[in-house]
Each structure stands twice: as structure tokens, then as C-alpha cells.
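Single-structure report; data block below.
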Number of protein chains: 2
Amino acid sequence: MIDDLLKCDHHGRMPGDQRRAQILQSAFDLFSQKGFSGTTTKDIARRSGVSEAMVFKHFSSKDELYAAILEAKKCSEGLHKYPWESNEPMLAAMEAKDDLGVFYHFARQALEKHQADVAFMRLLFYSALEEHELAERFFGEFVHEIYRFLGNYIAKRQADGAFRKIDPRIVVRSFLGMLLHHSLNNILWDRKRKILDIDNETAAKSFAEMILRGAAAVPFTAAT
Amino acid sequence: MIDDLLKCDHHGRMPGDQRRAQILQSAFDLFSQKGFSGTTTKDIARRSGVSEAMVFKHFSSKDELYAAILEAKKCSEGLHKYPWESNEPMLAAMEAKDDLGVFYHFARQALEKHQADVAFMRLLFYSALEEHELAERFFGEFVHEIYRFLGNYIAKRQADGAFRKIDPRIVVRSFLGMLLHHSLNNILWDRKRKILDIDNETAAKSFAEMILRGAAAVPFTAAT
DNA sequence: GCAGGGTGAGTAAGCACTTACTTAATGCGT
DNA sequence: ACGCATTAAGTAAGTGCTTACTCACCCTGC
């Protein structure tokens with residue numbers, strides 16, 4: 001996640017930066033599993049293979065450790081921050097006004113990301129419930145930008161006459177709802193996929209088609 | 001919630017049942033605010049206006065207190081458990097094969113319930129993250145039943161030729177996604193309604209129309 | 001030889017939970 | 001209507017353990 005080099009379960013000494021990253025990673029794993037108040041600094045130390053004192057040599061408090069995780073995540077996300085960054089197929093579809101393609105590739109990227117980063121999703125949920133200000137800001141900025149970006153595209157396509165008259169933010173909310181709820185089911189409530197077991201491609205395709213039919217001005221006919 | 005009589009901040013003695021209910025309510029409020037491990041038995045006692053020992057006279061452990069909350073909720077929900085119980089307009093719409101009415105009244109009831117019971121929603125989220133077995137069972141049964149009920153209706157309407165060929169569970173997932181995500185925004189991430197501020201009627205209407213256009217066999221035309 | 005990674009053994013406060021005890025209500029026989 | 005036993009509501013002050021956090025002091029590789 002943060003740094004793959006730290007995987008070596010090195011018994012002896014370790015450069016400071018590397019040990020710091022390892023502690024960060026251990027804390028991340030544990031916070032995402034058991035929440036902030038459900039995780040002890042002793043647990044974090046044990047998982048990092050060091051004494052508790054080392055944790056406090058790198059981070060002055062448990063709270064600071066939490067803040068450092070979010071800071072690290074914010075940076076490490078980098079180019080992959082939004083589902084349209086480094087998503088060439090989606091940007092190409094936007095250019096070509098291929099609405100189904102736009103929604104499909106957006107959905108695909110989002111679902112893959114949720115699946116690849118279950119721990120981070122859990123952490124975000126915990127911090128939303130615990131009302132950690134940093135997480136709230138993180139989520140606020142991120143979601144706001146998605147509404148802006150997708151909303152703009154929808155408004156433009158409404159002007160083209162492709163989409164019916166409806167508040168674009170409602171379309172975005174519906175679409176994100178499908179994606180997030182699907183991921184939430186897979187992460188939290190139905191991890192065994194007992195209710196619905198479909199792969200990301202099928203899900204992305206279904207949700208894209210659903211939202212497109214839902215928002216289209218003229219009856220939509222599937223390519224297949 | 002559990003019992004309104006307990007509102008009296010009665011300084012002196014109180015009948016056992018009443019005090020028990022009061023402690024249950026305090027614990028419910030605190031668990032939903034700060035999670036299970038974020039809440040102390042001392043907090044619960046203070047909020048109930050009694051000593052910690054009283055908490056343990058009524059409930060043998062913190063875990064049992066948690067279980068008692070879920071048990072109490074399970075019963076108190078009663079007739080209002082599912083969004084179609086005591087929802088005459090929706091059942092009437094089903095009878096009349098008024099698909100828009102079915103989705104609208106379902107959505108309306110669900111959104112109202114989420115809004116009225118924010119604390120319970122938070123508690124369910126916490127317990128999903130904390131993987132409390134009782135909460136998982138609670139959620140599993142509930143969601144499973146919703147998929148069965150709505151899925152059946154959709155399958156029947158597919159047989160009528162009203163809905164296109166698509167796995168009904170995907171339609172249900174899309175629809176529940178819209179509703180839950182909308183409530184989640186209002187409860188957790190966008191409590192100030194900065195991104196999207198619409199009332200439940202508008203939301204229910206929009207989502208119902210969206211899912212119906214998304215799933216309909218023939219192009220849907222709105223009544224308005 | 002010394003900077004910096006690393007620790008063992010703390011500390012004070014907080015945790016879930018218990019014990020030994022006091023106080024207020026409720027019968028109930030006379 | 002009274003005294004008195006019984007019971008239930010309530011608590012102060014613990015129990016042993018865990019928590020976040022500290023400090024004095026080792027090593028070891030360069």
C-alpha cells in the first residue's frame with residue numbers, strides 16, 4: 001500500500017523512514033479493521049515487530065498517527081485520485097459523446113478501486129461515523145469534485161438534447177448510489193456474495209445502462 | 001424511542017423496568033454516537049443518572065447490553081419493519097400494477113424511516129464495521145427479505161412484459177443504492193445538504209422515475 | 001565513538017466489572 | 001393504623017487489568 005518495500009519482516013534494525021512507514025501501515029490495517037478506539041498502540045507495535053516506545057518515537061500521539069495515515073493516503077493516491085484520472089477510455093468516450101462508455105468506464109474504475117482498497121473504504125466509513133474532521137474534509141472535497149465533474153458532463157449532454165430535463169446532481173447521486181451501495185454490500189454486509197454475485201464488468205455495464213436509460217431523453221437501445 | 005415515559009429526569013428511585021429501559025436508551029444513544037468500543041460503561045451510567053453498578057445490575061456485561069439493544073429494536077420495529085408493511089399506498093399500487101407508484105411509495109417510506117431513525121442507522125453501520133454478529137444477522141435477514149419481495153414484484157412485471165430482460169436483483173441493488181446512498185449523504189457526509197438539498201418527496205419521485213425508466217421494457221413517459 | 005535505532009520497565013489514568021453495604025418502598029399480621 | 005420483616009433500588013469504594021504515553025538506558029553499524 002504505502003510502500004511495498006516494508007514487507008521484509010526484518011528482525012533487526014531498519015532505517016528510520018522505513019520503520020516509520022511500516023508502523024504507519026500497521027496502524028492503517030488495524031484502524032481499518034477495528035476502528036480508532038478499538039485499536040491499541042500495543043497492537044500497532046506488535047504488528048510492526050517493535051516495542052510500543054518506538055511507535056511514540058515516530059508519532060507523538062495516537063491521534064497524530066491517525067492524521068499521518070490520512071496525509072499519506074492523500075499523497076499516495078496521486079494520479080489515481082479521481083475515477084477519470086488515468087482513465088483514457090472514459091476520457092475518449094467523453095470526447096466522442098459516447099454516454100454509455102462514459103458511465104461504464106467510470107463505474108468500472110470506481111468498482112475496481114473499491115475492491116482493491118477495501119481497507120481504505122472501511123477506514124473512511126469509520127472516520128465518517130467517528131466524525132474525524134480530517135476524514136470529513138477528505139470525503140467532502142472528493143465527493144464534491146465528482147459531483148462537479150460528472151454534473152458538468154450531464155449538463156452539457158442535456159444542452160445537446162441527449163439527456164432529459166432533470167437536476168444533474170440527482171443523476172449523479174443515483175449513479176454513485178448504485179456504485180457505492182454495490183461496493184458496500186461486497187465489503188460489509190454480503191461479503192460472501194450470497195445475495196448477488198456478479199463481477200465488476202457486469203456490474204459496471206448494468207449500472208451504466210440503468211443510469212443511461214434513466215436519464216436519456218430518447219428511448220435508449222442497447223448495442224448488444 | 002423505546003419508552004417515552006423515561007424522559008422524566010427523576011432524581012430518586014425508579015421502578016426496575018423503567019430504569020432498565022432508561023439505561024438501554026442511554027446506551028443506544030451513546031453506541032450510535034461513538035461506537036461500541038468508543039463508549040464506556042461509566043458514560044452510560046452518568047447519562048442515566050445512576051452509578052455504574054446499576055448498569056451491571058440490569059445487564060451482566062457491556063456485550064449483553066449491546067445485544068439487548070438489538071433485541072429491543074427488533075421487537076419495537078414491529079409492523080414498521082419493512083417498507084411495505086403499513087404502507088397501504090404501495091400495496092394498492094402493486095395491486096394496480098402501477099409501477100411508478102410502487103417504487104415511489106417504497107422510496108418515500110424508506111427515506112422517511114432513515115431520516116426519523118438516524119441513530120439506529122449509525123448503530124447499524126458501526127456494528128457492520130465492528131462485525132458484531134447480531135447486527136450482521138439483523139442486516140442479513142432484513143436486506144435478504146427486501147431483495148426477495150421487490151425482486152418477486154419485478155419478475156412478475158417482467159413476465160407481464162412491462163420490464164426489460166435483466167436480473168431483478170440488479171434492479172433492486174440499483175434502487176436500494178440510490179435510497180441508501182442518499183440517506184447516507186444526509187446522515188454522514190453532507191449533513192448540511194451542501195451538495196444536494198431536496199426533500200424526501202422530490203427524492204423519492206426522482207429515484208422512482210429513474211429506476212422505472214432504467215428497467216422499463218418500453219420507453220417510459222412521465223405523467224407530468 | 002557516537003548518532004540513532006531500539007528497548008524494559010515503568011506511570012497515572014481509565015477500563016469493565018464486583019463487593020459490601022445503605023436506603024426507600026411494599027406488603028402484612030395484629 | 002401500627003410496627004416490622006422483606007425486598008428491591010441504589011451506591012462508594014474497590015478489584016485486577018489495560019490504556020496511552022515516558023524515560024533512562026542499551027546496542028550496533030558506520
Exercise. Among dG6(C), dT18(C), dA8(D), which nucleotide sits nearest the side chain of Arg13(A)?
Worked result: dG6(C)

Exercise. Base, sugar-phosphate, or nothing: which does Thr39(B) touch, judged by heavy atoms less than 4.0 Å apart?
Worked result: sugar-phosphate

Problem set entry | Shortest side-chain distance from Phe56(A), nucleotide among dC21(D), dA16(C), dT7(C) | dC21(D)

Problem set entry | Interatomic distance, Arg20(A) CZ vs dG6(C) C1' [rounded to whole Å] | 17 Å

Exercise. Would one find more than 12 heavy atoms of other residues, nucleotides or ligands at under 6.0 Å from atom CD of Glu145(B)?
Worked result: yes

For this session: Take Ser48(A) and Gln22(A), measure what side-chain hydrogen bond (donor to acceptor under 3.5 Å, both in side chains) needs, and give me the verdict at the end.
Result: CA-CA 6 Å; Ser48(A) 308; Gln22(A) 192 190 27; 5.2 Å; no

Exercise. Nearest-Å distance, NZ (Lys42(B)) to P (dT19(D))?
Worked result: 18 Å

Exercise. Could one point to a donor on the side chain of Lys57(A) or the base of dG6(C) with an acceptor on the other under 3.5 Å away?
Worked result: yes

Problem set entry | Nearest-nucleotide comparison on DNA chain C, the residue closer to the 5′ end among Val50(A) and Thr41(B) | Val50(A)

Seminar exercise, completed: Rounded to whole Å, NE2 of His58(A) lies from C1' of dG6(C) at a distance of 9 Å

For this session: Using only side-chain N and O atoms of Ser51(A), determine if any of them is under 4.0 Å from OP1 or OP2 of dG6(C).
Result: no

Problem set entry | Closest-nucleotide ordering on DNA chain D, the 5'-leading residue of Gly16(B) and Ala53(B) | Gly16(B)

Problem set entry | Candidate nucleotides dA16(C), dG10(D), dC21(D), ranked by approach to the side chain of Met14(B) - the nearest | dG10(D)

For this session: Would you indicate, yes or no, if dG10(D) has its OP1 or OP2 atom less than 4.0 angstrom from a side-chain nitrogen or oxygen of Arg19(B)?
Result: yes

Seminar exercise, completed: To the nearest angstrom, the CD-P distance between Gln22(B) and dA9(D) comes to 13 Å

Exercise. Counting side-chain heavy atoms from C-beta on, which of dC17(C), dG5(C), dT11(D) comes nearest to Lys62(B)?
Worked result: dC17(C)

Seminar exercise, completed: Whole-Å distance, Asp17(A) CG to dG6(C) P, equals 12 Å

Problem set entry | Euclidean distance, atom CE of residue Met54(B) to atom C1' of dT22(C) [Å, nearest integer] | 14 Å

Exercise. What is the distance from CG of Leu30(A) to P of dA20(D), rounded to the nearest Å?
Worked result: 12 Å

For this session: Answer yes if the ring centres of Trp189(B) and Phe125(A) are under 6.0 angstrom apart, and no otherwise.
Result: yes

Exercise. Where do Arg191(A) and Glu136(B) land on the salt bridge (charged side-chain N to carboxylate O under 4.0 Å, His left out) test, with the steps shown first?
Worked result: CA-CA 11 Å; Arg191(A) 265 166 299 167; Glu136(B) 259 174 67; 3.4 Å; yes

Exercise. Would you call the rings of Tyr66(B) and Phe31(B) parallel, tilted or perpendicular if under 30° counts as parallel and over 60° as perpendicular?
Worked result: tilted

For this session: Starting at atom CD of Glu52(B), determine the distance to atom P of dC15(C), rounded to an integer number of angstrom.
Result: 9 Å

